[in-house]
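Data first, discussion second: the structure below is written as C-alpha cells.
Basis for what follows: all heavy atoms, side chains included, without hydrogens, waters or symmetry-related copies. Below, read A as the first sequence line, B as the second, and so on, with proteins coming before strands; counting in each chain starts at 1.
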Amino acid sequence: MLHFIIVGILVIVMAILTYLGLTGIGLLPVQASAQAIPIDWMFNYQVIAISFLFALIVVPLVYSLIVFRRKKGDTTDAEHIEGNTTLEITWTVIPLFVVIVFAFMGAKSLGDTRRVDPQAMVINVTAQQFAFSFEYPDYGFTSKELYAPVNKQLLLKMTSRDVIHSFWVPEFRVKQDIVPGRFTEYRITPILEGVYKVRCAEVCGGGHAGMRSSVEIVSQERFDNWVKEKQAEALAASQTPEERGQLLATSYGCFGCHSVDGSLLPNGGPSWLGLFGSQVELEDGSTVLVDEAYIIQSVMDPASQVVKGFSPMTFNGTDAGLTDAELADIIAYIMTLK
Amino acid sequence: MKKFFKSALARGLLWQLVGTLVGGGFVTGIRAVMGLEALGRFGFSEPAWVFGGLIGTLTFLGGSGVVSDWVKWARGIPTHDHHEDPPGWEKFINVSLDHKVIGIQYTLTALIVLGLGGTFALIFRTELAASGLQFLNGSQYNTMVGLHGIVMIVAILLGIAGMMNYLVPLLIGAADMAFPRLNAFSYWITIPAAIWLVSSLFLGGFDTGWTGYPPLSARAPVGMQMFFLAVFVVGWSSILGGLNLLVSVARMRAKGMTSFRLPIFVWASIATSLISLTATQLIGLSFQMVMFQRLFGMGFFDPAKGGNPVLFQHLFWFYSHPAVYVFILPGLGIISELLPVFVRKPLFGYRWVAMSSLGIALVGFLVWAHHMFTSGMNEYLRVPFMYSTLLVAVPTGVKFFSWVATIWGGKIETPTPMLFVLGGVVVFLLGGLSGPPNATVSTDLHLHDTYFIVGHFHDTMFGGFVFPFFAALYYWFPKATGRRMNEFLGKVHFWLMTPSFLVLTLGMMRIGLLGMRRRISDYDAALGFDTTHLVLTVAGFLIFTSVLVFVYNLFRSMKKGEIATGNLWNSRSPEWQVDSPIPAHNYAQPFEVVGEPYDYGLPGSKFVEFAKPKP
Amino acid sequence: MAHTNQSEALRLGITIFIFLALLTALEFVVALALNSIPLLVVVALVKAGLVMYYYMHIYKLQQESGGGHDSYEYKTGTNRLGLWLFLLSDSFVFGGLLVSRFNLLGFTRPHLSQVLGLVVTVVLLVSSFFMNRAETQMAHGNKKGFLGNTLVTILLGAGFVIGVVGVEWQLAAAEGIRASSMVDGGIFYMMTGMHAFHVLTGVLFLWIVYRNARKDVYSAEKHWGVEAATVYWHFVDVVWIFFYPALYLIGSVA
Ligand code: HEA
Ligand code: HEA
Ligand code: CUA
Ligand SMILES: [Cu+2]
C-alpha cells in the first residue's frame, strides 16, 4: 500500500513538473491569428494529458526498477499474479472516455477555426514551383507578397499550376494544401501586425525549401495606401511592355528561380541581370548569343538548350500556357536589366 | 572467395545484371525500330529501365535457384521435401529452406540495410547541421531523405520478417514454416528490390520523399520508377511472408497449443501478418498506377485528364498507415515476451495483451486519412477519422498498463536485453503520446509536415522496432550460435544510444512546433534553429557509433563469446528447453503444451513437455 | 465431393451454370431497363456467392483433414488455406481498382461495345462451367473427361483474352478511348489489363496441369494441383463478375 501512495504522489509531482517545464520553455510561435487561439487552447490540454500520461507510466516503471530490483543472491521467482480483470477493464474504459472527450474538444476547436465571416476579403492564391502569387480581385492587381489588414478575415482561394504545395504561416497555425486542378480554401483572421512568412509545407521538388513569401499584416490605413500604390503600379505597367513583362514574370513565378541582381538562387537558373545580349555557354560546349529567339526557345522548350552548369529548367512555357505576346513583354523587361 | 562466386547470391546478381541488360536492350531495340527516342539521360530510356528492372528481378530469381523446385513441379517432376544445407557460413548466401537460416538471412540483411539507411541519414543530417546550402542541392537532399525513409522501412520489414521466421516455428513447435519454398522466395526477392532501391540514386534520384505523391512523382527523374519498382517487389515479399506465417500458425502448432496458450509474440505476428497480407496490395496498386501514368500517359492522378491527385493519397495511406502497426506489433510482442522472463512474474493480463494486438491491427485499418487532414480531401471526413485514430490509443494503452503491472512487484534483473526492452517502452511511449496531437485535426493543422511529426515517428519506430529488435538479438543470439554476446559492450551500446536518441527526437519535436518544416534542404537562419540542428546532427552520429559497437560485439561474440548452450535466461519457452544451437529440423522430440506460457512463480508448473525419445 | 456419384455432381454443375446464366441475363436487362445500381450489386454478389460455394468449394476450408501432419490430406488442407489467403490478398488489388474507378468516373462509364462485353462475359462463364466439369471428372478418376474439358476451358480462356485485348481494346481505341486520353481510358485499360493478366496466368496454370495430367501425375485421391488451378480459374471469373457491371453496366455513358 505504501508503495502505491508514494508512487501516486510522485506521479502527480512529476506530471506537474513536466507540464510546467514544457510550457515554461514556450512551445509555440507567437499567436498571430484568431484561428490560433482555439488551436492553442487545444494544445494546452494535449500537453497536460501528455505530461500526466508520461508520468503515469514512467514513474512506476522507474520506481519498480529501483525498489523491486532483484536482491543479490536471490534466485526465486516473484509472486504469481496472472492479471486482474477489473483493472484491465478500468484501463480500457477510462482511456476510451478520455479520447472521446478529446475528440469532441478537437472537433469543437476545429469548428472555431473555420468560423465564416461573410465580409471576408477574397484573395486568389496561385502556387507553382517555387513561388506564390496573390491576386486581389477586388482591386485588380497581383502581388508577390501577401499584404493584408489586421483583424479582418481573409479568404484565400488557392490553386496550383503544377504539383501539390501547402500554405503555412506558423504564426497563424493553420495549414492547407494547394492542389492542382481544384480550389482549396483557407480562412484566416490576422490579429497581430507584423511581418511573417508563408512557407510551402508540402514537398514540391528541389526548390521546396526556398518556397516562401513575405506576409505583411498592417493597419487598415497602411493597407489602403499599399493598395493605391499597387493599383498605380499596375496601371503604369499596363502601359509599357517592360512593366507588363515584370508583372508577368512575377505571376509566372520566374523570380522563384531567377534573380535580377546577378545573384544565383538555390536550385534556380542564371540571373537575368545583363543576360540579354550576352554570350552563354551551353551544356554541349557551344556558345550562343542571347537574343529574342534564344530566349523564346529557352522558355518554350527548356530541354533544348541547357546552360552549362545548370540542370534543365523545370518551368516549361508551353505547358504553363505562356502566350507569345506575354513572352514578348517578358523579353522587353529582360532587356531593361543591364 | 571461391565459395562466394559459386553461391546463389553471386549467381543471382550476375543474372540480374544480364536480365536487366537484355530487358532494357529489348525495349531500346523496339523503340529504335518504332522511331521513338531510343536512349535517355541515363543510358536506357525510362521504359527500358522499368522493363529491364522487371526482367532483371525475374532472372535473379531464376539464377539464384529459389524457383527451381517450383519449375520442377510444373514439369511434373517430384522433389525432396527437405534440402540439406552445407555446414558453415555458406548456407547464408545460398538458398536454404530452413526457417532458422532464412530468419538469420533476413536479420543480417536488415542490419546491412539499416546501416545504409543510417548512412543516408548522416549525410543529410550533415547538410542540416548549419543553415545555408552546404554540399547537397535541393533535389539531392530530397532524394537522400526519401531513400533514408524507405530504406529504413525496408529494414524494418526485413527485421520483423527475420524475427518472425526464426521464432514462430520454434515457439509453436513446428519443424518449419508451412511453405518453406515460398519462405525462401520471400527472402530472396528482397535482394533485387534492395538493389533497385539504391539504383535510384544513380538514375536521377527522386525528389518526393518516401511518400511519392503525384503529380510531383509523375515528373521526377527515372529514379522514381526504380523506387516504385523496388517497393512493389518488396511488397510481394511482405504479402507472401504474411501468408506463410498465418498458415503456419493455423496448421502447424504443437499438440495442446490452443489460442490462449500461444506465446504472445505469435499473437503479435498474426496481427502483423493480417495487415501485410491484405493492405500491402494497395501500396503496390497506387505505385503501379503512377508508374503506368508515367509510362503510358494514363491520367489517374493528372487533373488535366480528369484525374485526382488526392486519390493516390487514399490508396497509399490505406496501406501505409496500417503498415506502421506492422512495424511495431512484433516489437511490442518481443517486449511482452521478454518482460516476464526478466521480472520473473507472469505477463499481466495475457489475454488482454494478446487481443490488444488484434485490436490495434483492426482499428488501424480505419484511420488512414489522418495523414490527409490538410490535403483538401472532403472536409466531412476529417472528424470521423479523428475519432477512429484516437481510438487506437485505447488498445495501445492496455499494453502499457499491463507492462507496468507486470513489472510492479517483480524481481527485476537488467541484463542487456532487458535494458533494451525498458528503453523501448519509454521511447515508444513518447512516440505514442505524441500521436494524439497529430490525430486531433485542429492541432494537426499546425503540426502536419513539420519536424514534430518527424520526432513522433522516429520515437514510435525506434521504440516499437529498433529497441525491441536489439533486445531480441541480444536475447536469442545464444540460441542461434551457442554463445552469448558481451554484456559490457551491450551496455555501452545501450547507454550511448538511448540518451542520444532522446535528444534527437525531443529536439525534432521542439523545432517542429516552432516552425521547422519537413523535407527542406535549408532553413531560414532567422528562425534560430542552427544550434539545435547541430546538436541533432551530433546525436545522429552518436547513435550510429553505438550501433557500430553493437556490430563489433556481434561479430566478435560469434567466435569468442562466452559459451551458452543451456537455458541462459531461465525461460519457460520451448526453444530454451533444448540445447543451443537448435539442429536443422528443430525439436528432436515433439512437445505437448501442458500449461500456461508465462506462469513464472508457480512452483512445479511447466509450459511444454517433450515426448520421451524412442529407445 | 468424392463421395457423391459422378453424374450427380455433374448435374449440380449444370444447374449452377443455368442459374448463373439467368442472373447474367437479368443483370443485362436490369442495366438497360432500370439502371438500378443496388440491384446490380445484389445480382453480382449472388453470382459471386454461387461460384464461390459450388465451383470453388469454399466450405472445404472448414473440413477437418484427418491423418498426421505429414499426410497428403493434411498438407492439402494447409495448401488450400494458403491459396485462399492469396486470393483474399489479391482481391484487395481488384477492390482498389473498383474504388479508383468510382472515385474517378463516378456514375458515368466509358462508351464500350455492349455486345462484345456480353459475349466475353458469357465466354468466361462457360469456361467456368467446363472447368467445374473437368475437376469433377478428375475427382472421380476420369482422366479423359478431365483432359477434354480442361482443353475447352483453356481455349475459352484464350478466347476471352483475345476478345478483350485483341478486339475490345482496338474498338475502344478507334472510338478515341486511349490510355493516354482522358482518365476513363486509363481506368478502362488498367482494369481490363489487370484482369486479362490474371486470365493469362490462369491459362498458363491450366496448361501446366493439363500437361501433368497427361503424364499421370494426378489421381482421384491426390490432385491438389488440379484443385488449385480450378479455384484460381473460378476466382478470375468472380473478379469479372464485379468488373463487368462496373465497366459496362453501371451508370450512364459519359
Ligand atoms: C511505428 C510507427 C507508428 C506508430 C505506432 C504510430 C502511432 C500513432 N500515430 Fe503515427 N506516424 C508514423 C508512425 C507511427 N505512428 C509515421 C511514419 C508517420 C509519418 C508518415 C509520413 O508522413 O512520412 C506518422 C504520422 C502520423 C500522423 C499524421 C501526421 C501528419 O502528417 O499530419 C498522425 C495523425 O493522426 C499520427 C497519429 C498516430 C497515433 C494517434 C498513433 C497511436 O497509435 C499512438 C497510440 C499510443 C499512445 C497514445 C500511447 C500509449 C497509450 C496510453 C498510455 C493510454 C492512454 C492514452 C490516452 C488516453 C491518449 N501519426
Ligand atoms: C526505422 C526507421 C528510421 C530510423 C531508424 C531512422 C533513423 C534516423 N533518422 Fe529518420 N526517417 C525515417 C525513418 C527512420 N529514421 C522516415 C520514414 C523518414 C521520413 C522520410 C521522408 O520524409 O520521406 C525519416 C526522416 C528523417 C528526417 C527528416 C528529414 C526531412 O524531413 O528533411 C531526419 C532529420 O533529422 C531523420 C534523421 C534520422 C537520424 C539522425 C537517424 C539515426 O537514428 C540514424 C542512426 C543510424 C543507424 C540507426 C544505423 C546504424 C547501423 C549501422 C552502423 C549498421 C551497420 C551494420 C552492418 C553493416 C551489419 N530522419
Ligand atoms: Cu511548394 Cu513545397
Ligand atoms: Cu498513420
Please classify the contact between [X] and chain A as side chain, backbone, both or neither, with a heavy-atom cut-off of under 4.5 Å.
X	value
B/Tyr600	both
B/Leu527	side chain
B/Asp302	neither
B/Thr208	backbone
B/Thr414	both
B/Thr211	neither
B/Pro214	backbone
B/Leu447	both
B/Val145	neither
B/Glu379	side chain
B/Val383	side chain
B/Arg518	backbone
B/Pro437	both
B/Leu602	both

Less than 4.5 Å apart, side chain to side chain, heavy atoms only: is that true for [X] and [Y]?
X	Y	value
B/Thr443	A/Met42	yes
A/His208	B/Asp522	no
B/Phe400	A/Leu56	no

Heavy-atom pairs under 4.5 Å with chain B - which of [options] has more of them than the others?
options	result
A/Val179, A/Val47, A/Ile50, A/Asp40	A/Ile50
A/Ala103, A/Gly210, A/Gly111	A/Ala103
A/Asp162, A/Val93, A/Thr113	A/Asp162
A/Tyr45, A/Phe54, A/Phe102	A/Phe54

message: Assess whether a salt bridge exists between A/Asp77 and B/Lys345, defined as any Lys/Arg side-chain N lying under 4.0 Å from an Asp/Glu carboxylate O.
response: no
I'd like to know if the side chain of [X] and the backbone of [Y] have a donor-acceptor N/O pair within less than 3.5 Å.
X	Y	result
B/Asn142	A/Gly205	yes
B/Arg517	A/Ala209	yes
A/Arg182	B/Gly376	yes
A/Lys175	B/His448	yes

[X] [atom1] to [Y] [atom2] distance, which is reported to the nearest 0.5 Å:
X	Y	atom1	atom2	value
B/Leu445	A/Leu110	CG	CG	6.5 Å
B/Arg351	A/Thr85	CZ	OG1	9.5 Å
A/Ile57	B/Phe401	CD1	CZ	4.5 Å
A/Asp74	B/Lys411	CG	NZ	3.5 Å

- prompt: Which members of residues 21-30 of chain A, sorted by number, sit under 4.5 angstrom from chain B on a heavy-atom basis?
  reply: A/Ile25, A/Gly26, A/Leu27, A/Leu28, A/Pro29
task: Evaluate the side chain to side chain contact (heavy atoms under 4.5 Å, CB included) criterion for residues B/Leu216 and A/Gln129: first the C-alpha distance (whole Å), next the side-chain angles of each, then the deciding distance (0.1 Å), finally the verdict.
output: CA-CA 10 Å; B/Leu216 185 58; A/Gln129 283 176 330; 3.8 Å; yes
- line: Those residues at least two apart in sequence (or on a different chain) that pass ring pair (Phe, Tyr, Trp, His ring centres under 6.0 Å) with B/Tyr380 are none
Contact class of [X] relative to chain B, heavy atoms under 4.5 angstrom:
X	result
A/Val7	side chain
A/Lys197	side chain
A/Leu87	side chain
A/Thr76	both
A/Asp112	neither
A/Thr184	side chain
A/Met211	backbone
A/Glu82	both

- request: Could you pull out all residues at least two apart from A/Thr189 that satisfy side-chain hydrogen bond (donor to acceptor under 3.5 Å, both in side chains)?
  value: A/Gln35
query: Hey, mind stepping through A/Phe43 and B/Ser442 against side chain to side chain contact (heavy atoms under 4.5 Å, CB included) and telling me if it holds?
result: CA-CA 9 Å; A/Phe43 262 124; B/Ser442 57; over 6 Å; no
- request: Go through the steps to decide whether A/Val203 and B/Asp207 satisfy the test side chain to side chain contact (heavy atoms under 4.5 Å, CB included), and finish with yes or no.
  value: CA-CA 8 Å; A/Val203 62; B/Asp207 50 11; 5.9 Å; no
query: Is there a side chain to side chain donor-acceptor pair (under 3.5 Å) between A/Asp177 and B/Thr374 once you walk through the steps?
result: CA-CA 6 Å; A/Asp177 286 6; B/Thr374 70; 3.2 Å; yes
message: Go through it in stages, so that I can follow the logic: the residues are A/Ile89 and B/Trp352, the test is side chain to side chain contact (heavy atoms under 4.5 Å, CB included), and I'd like the CA-CA distance, side-chain angles, deciding distance and then a yes or no.
response: CA-CA 9 Å; A/Ile89 292 177; B/Trp352 290 79; 3.8 Å; yes
Side chain to side chain donor-acceptor pair (under 3.5 Å) contacts touching residues 51-64 of chain A (sequence neighbours left out): A/His3-A/Tyr63
message: Counting neighbours of CZ on B/Phe260 that are heavy atoms of other residues, nucleotides or ligands and sit closer than 6.0 Å, is the number greater than 12?
response: yes
query: For A/Arg70, does the CZ atom have more than 12 heavy-atom neighbours from other residues, nucleotides or ligands under 6.0 Å away?
result: yes
message: Suppose we call two aromatic rings close when their centres sit under 6.0 Å apart. Are B/His446 and A/Trp168 close by that rule?
response: yes
